[in-house]
Amino acid sequence: SPPIECTAIRSTLAMETTTIKSGARALKITANDAGGIGSSYARMTADNYAALKGKRVTAGVWVYNPSTNTLTQTIGIWDGVTGSNSVVIPKDNAWHWVVVNHIVDASATTVDLQMRAKDVVTANTTDVIYADGAILTEGESISSFIPMPDQSLINHHTAAYTLSSYETGH
């Protein structure tokens, strides 16, 4: 099952054990939008979004984008008022460290990291991306993050939120 703090939006989420960057699992995000309603993504929400209002946040995710995908894949940050998007992720069967930063609006109602298997309003149920080592933190830059097994408790009590910290189901 997906990490507790991940929500599927017009997508299907699964834990992947074959296509991984580090550790035993990655998050597999498959588009599930037969009607072409909007983007298909996994959403992680920061539980301390109110403290981030007016501040710059940065998110980074290791993303594997298969060459068989047909649409556009990105990551993004959405605060309920405005959003920011990463560059388009290459479809080349390789892992890429993808980063996006955003200044959280003073009227923000959330701070969400969106990992998009489909970033267009087009029907699609086959495009997929794999995400590993996602992190969202306050500040202007972030270096690539490879989760360590003993980091789950440490990460849970800081301003950084990672996929790996929730893989244990805590």
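Below, all heavy atoms of this structure are taken into account, side chains as well, without hydrogens, waters or symmetry copies. Bear in mind that the values here come from a model prediction, so they are computed numbers and not experimental data. Residue numbers count from 1 along this sequence.
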Should I29 and I89 be regarded as members of a common hydrophobic cluster, given that ILVMFWY residues are connected when their side-chain heavy atoms come within less than 4.5 Å of each other, either directly or indirectly?
yes
How close do S22 and D132 get, counting heavy atoms only, and between which atoms?
N-OD2, 3.0 Å
Closest heavy-atom pair and its distance - W62, W95
O-CZ3, 3.5 Å
Value for CG (N101) from OG1 (T137), rounded to nearest 0.5 Å, stands at 12.0 Å
Gap between atom OG1 of T110 and atom CD1 of I77 - 0.5 Å precision:
11.5 Å
Hey, could you give me each pair passing salt bridge (charged side-chain N to carboxylate O under 4.0 Å, His left out) that has a residue in residues 113-131? Not counting sequence neighbours.
D33-K118, R116-D119
Could you work out the complete set of other residues in the hydrophobic cluster of V120, with links drawn between I, L, V, M, F, W and Y side chains under 4.5 Å apart?
L71
Looking at V104, D105, I103, which hits side chain to side chain contact (heavy atoms under 4.5 Å, CB included) with L52?
V104
Once side chain to side chain donor-acceptor pair (under 3.5 Å) is applied, do any residues pair with D92, and if so which ones, sequence neighbours excluded?
H96
Separation of L27 CG from I20 CD1 (nearest 0.5 Å):
13.0 Å
So, taking the atom named OG1 in T45 and the one named CD in Q114, what distance separates them when rounded to the nearest 0.5 Å?
9.0 Å
Under the rule for side chain to side chain donor-acceptor pair (under 3.5 Å), what residues qualify as partners of S67, not counting sequence neighbours?
N93
So if you build clusters from Ile, Leu, Val, Met, Phe, Trp, Tyr with side-chain heavy-atom gaps below 4.5 Å, do L136 and V100 land together?
yes
By side chain to side chain donor-acceptor pair (under 3.5 Å), which residues pair with S84, not counting sequence neighbours?
H102
Mind checking who shares a hydrophobic cluster with Y41, ILVMFWY linked at side-chain heavy-atom distances under 4.5 Å?
I9
Are the side chains of D79 and Y49 in contact, using a 4.5 Å heavy-atom criterion?
no
Taking every non-hydrogen atom, the tightest pair across T19 and E16
N-OE2, 3.0 Å
Rounded to the nearest 0.5 Å, how far does CE of M115 lie from CZ of R43?
11.0 Å
Considering non-hydrogen atoms only, spot the tightest contact between V99 and T58 and give its length.
CG1-CG2, 3.6 Å
Ignoring hydrogens, what is the shortest heavy-atom contact between R10 and S40? Give both atom names and the distance.
O-OG, 2.7 Å
Among V98, N65, I75, the one residue meeting side chain to side chain contact (heavy atoms under 4.5 Å, CB included) with I129
N65
Specify the closest pair of heavy atoms between A123 and G35, including all atoms of both residues, with the distance to one decimal.
CB-C, 4.3 Å
Is the side chain of Q73 donor-acceptor paired with the backbone N or O of A117 at a distance under 3.5 Å, no angle test?
yes
